Number of protein chains: 2
Amino acid sequence: MQEHASPKLDRRTRKRLATRQAISDSATRLFMEHGFDQVTIDEIAEAADVGRMTVFNHFPRKEDMFFDREDEVREMVFAAIQGREEEMSPVTALRLLAHRCIEDRNPLLPLFGAPLRFVATALASEALKARARQMCSEFTRVLAAMLAESIDRPADDTDAHLLAGLLVATWSVAFFEGYNVADRNGDAEAAGQIFLRLIDRGFQAAAAAVSGTPYV
Amino acid sequence: MQEHASPKLDRRTRKRLATRQAISDSATRLFMEHGFDQVTIDEIAEAADVGRMTVFNHFPRKEDMFFDREDEVREMVFAAIQGREEEMSPVTALRLLAHRCIEDRNPLLPLFGAPLRFVATALASEALKARARQMCSEFTRVLAAMLAESIDRPADDTDAHLLAGLLVATWSVAFFEGYNVADRNGDAEAAGQIFLRLIDRGFQAAAAAVSGTPYV
DNA sequence: ATATCAATATATACTCGGTATAATTTCATA
DNA sequence: TATGAAATTATACCGAGTATATATTGATAT
């Protein structure tokens, strides 16, 4: 349970992280095994050998034990936009990011291998789907602000919101169409191609919606 | 409470509908007055003078007492697509529907007058926002099937899903940008114009994403 | 009219996620 | 070693939703 973590952290922090990890591990295992809705907080606490309140201490919502990498996605997208080369539009930067994710088999885009089970577990629970939609919704707002900021417009710029809405919608459709292929045919290569084709078409259309602006 | 309803229905059905209406009325009033999350099922049952279980009998989820017109929206969209003139594309039919909604001050598009409070109440509750997102998500699937069926393609046609995703995303962004104007400036005319401008741009872009197909 | 059956309403008791509060333990530090 | 803050935990509570059993009410056949 202690995992000999980085010695930079003091014991208190190490123990806290270890407890958090124990809860997360138990929860993930139970969710995958029995389904999100079938696992109770008490069972997770029992499995992790902590008190019930400790679970809520680390994870305010049950869904937080399942979706644990929101920040990484946000930072990846932020880096792609900020770190793009001169004279490259933000939309192109995001399109290239999508291609890089497929190429690298990036697990933050869970279309291949083991992460497919993660997606299946999420799709089997109305609560998890609701949380995923909430994350998409919040991310769309953040993306709009990122895009606006990247070309020095105010964060509530209407073009940015339209563009962000279309980009996220495209990503979502592309992901699910790709997922369906991966899940039914088991063909990761085909899934990736479907995903990228839809990304390219959708992003191009999204760009057209704000043509004449510096977003494209 | 009886409201001398249509005599076509038998007494049993009339009473059932009256009970449902009493619950809906009490709930709506309380939600608007105190906020969705601040009102308990027991308070609604008390106000409507029915038992707690009767409330759940008519409305399986608390959110169902707030969003009560899903079907009307679906049917309106369905009618617009099915009832379009020959040689008119489904996308154009939907674009015209948006313009007609603004022109008619259609309350199913709550951008003007009293329905603005309805939107504000929804936006103040995380539970209601979640339900709205769920409805959008399901509607996107239904719309994709409608679109595919309207040009005799299978319901799971990938182009239809991309198109539906972009159309719903556009509608959503256009609605919120319009709502913000209506809410802040109180200018219904300007709100309508913003909404329609975004609809036109987004729908055109969505059409571009599936250019070469009969959807456009 | 009355017996009968099904739809509706209701009471009771329960599960589960989440909150509030207070007490206790554990670590860092002066 | 004393002190205080962070972390854990127990207890009690709230509210949405479910299960189940019972009572009531209206429609219908005799």
Side-chain angles (χ1 to χ4, degrees), chain A residues 1-2 5-27 30-31 34-67 124-131 134, chain B residues 1-2 5-27 30-31 34-67 124-131 134:
Chain A
M1 176 165 155
Q2 298 236 142
S6 161
K8 292 296 180 191
L9 307 164
D10 59 7
R11 180 182 290 118
R12 176 176 287 175
T13 306
R14 279 196 318 269
K15 287 213 169 185
R16 179 171 172 76
L17 290 181
T19 301
R20 184 193 162 90
Q21 196 58 45
I23 295 168
S24 178
D25 290 349
S26 297
L30 291 170
F31 291 157
H34 303 105
F36 183 80
D37 302 310
Q38 280 63 51
V39 179
T40 69
I41 303 282
D42 291 276
E43 288 167 342
I44 296 167
E46 183 68 22
D49 196 33
V50 297
R52 194 177 112 93
M53 287 311 300
T54 303
V55 175
F56 284 114
N57 184 359
H58 287 272
F59 302 93
R61 306 280 142 182
K62 191 182 174 188
E63 292 83 5
D64 296 333
M65 296 182 233
F66 191 85
F67 293 119
S125 160
E126 206 51 56
L128 286 180
K129 285 194 287 182
R131 177 56 142 250
Q134 183 193 25
Chain B
M1 175 164 158
Q2 297 236 141
S6 162
K8 293 294 180 193
L9 308 164
D10 59 6
R11 172 150 51 236
R12 175 178 288 174
T13 306
R14 279 196 318 269
K15 288 213 170 187
R16 178 169 174 78
L17 290 181
T19 301
R20 184 194 163 89
Q21 195 59 45
I23 295 169
S24 177
D25 290 348
S26 297
L30 290 170
F31 291 157
H34 303 108
F36 183 81
D37 302 311
Q38 280 63 52
V39 179
T40 68
I41 303 281
D42 292 273
E43 288 168 341
I44 296 167
E46 183 68 23
D49 196 33
V50 297
R52 194 177 111 91
M53 286 313 299
T54 303
V55 176
F56 284 114
N57 184 357
H58 288 272
F59 302 94
R61 305 282 142 180
K62 192 183 175 190
E63 293 83 4
D64 296 333
M65 296 182 231
F66 191 85
F67 294 118
S125 161
E126 205 52 54
L128 286 180
K129 285 193 290 183
R131 179 54 144 251
Q134 184 192 25

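Numbers restart at 1 for each chain; the letters A, B, ... are given by sequence-line order, proteins then strands. No hydrogens, no waters, no symmetry mates; every other heavy atom, side chains included, goes into these values. From a predicted model like this one, the values you see are computed outputs, not experimental measurements.
- The nearest pair of heavy atoms linking B:D37 to B:E126 is OD2-N, 4.2 Å.
- The distance from atom CD1 of B:I41 to atom C1' of D:dT18 is 13 Å, rounded to the nearest whole Å.
- As a whole-Å value, the separation of B:R11 CZ from D:dA27 C1' is 10 Å.
- Remark: P of C:dT8 and CG of B:L17 are 10 Å apart, rounded to the nearest angstrom.
- The side chain of A:K62 contributes no N or O atom lying less than 4.0 Å from OP1 or OP2 of C:dG18.
- Candidate nucleotides C:dG18, C:dA11, C:dA9 were compared by shortest atom distance to the side chain of A:E63, and C:dG18 ranks first.
- Both A:M53 and A:F36 lie near DNA chain C, and the one whose nearest nucleotide falls closer to the 5' end is A:F36.
- In this structure, CG of B:D10 is placed 12 Å from C1' of C:dA6, rounded to the nearest angstrom.
- We find that CG of A:D37 is positioned 12 Å from P of C:dC16, with the value rounded to whole Å.
- Here the C1' atom of nucleotide D:dG15 and the CD atom of B:E43 are 11 Å apart, to the nearest Å.
- For C:dA9, one of the phosphate oxygens OP1 or OP2 lies less than 4.0 angstrom from a side-chain nitrogen or oxygen of B:R16.
- Residues B:R12 and B:T54 each lie close to DNA chain C; by heavy-atom proximity, the contact nearer the 5' end of the strand is made by B:R12.
- The side chain of B:F56 lies closest to D:dA16 when the candidates are C:dG18, D:dA16, D:dT8.
- Distance CZ (B:R14) to P (D:dA27): 8 Å, rounded to an integer number of Å.
- The shortest heavy-atom contact between A:Q38 and A:E43 is O-OE1, 3.7 Å.
- Remark: A:L128 CG to A:F36 CZ distance equals 4.5 Å, nearest 0.5 Å.
- Counting any heavy atom pair closer than 4.0 Å across all strands shown, A:R52 reaches a base atom.
- If you take CD on A:Q134 and CD on B:Q134, they are separated by 13.5 Å, rounding to the nearest 0.5 Å.
- At the heavy-atom level, B:V39 lies under 4.0 Å from the strands shown only through sugar-phosphate atoms.
- With D:dT9, D:dT8, D:dA27 as the choices, the nucleotide that has an atom nearest any side-chain atom of A:H58 turns out to be D:dT8.
- Among B:T40, B:I41, B:N57, B:I44, the single residue meeting the side-chain contact (heavy atoms from CB on, under 4.5 Å) criterion with B:R52 is B:I41.
- Residue A:N57 has no polar side-chain atom (N or O) positioned under 4.0 Å from OP1 or OP2 of D:dA7.
- A straight line from NZ of B:K15 to P of D:dT24 spans 14 Å, rounded to a whole angstrom.
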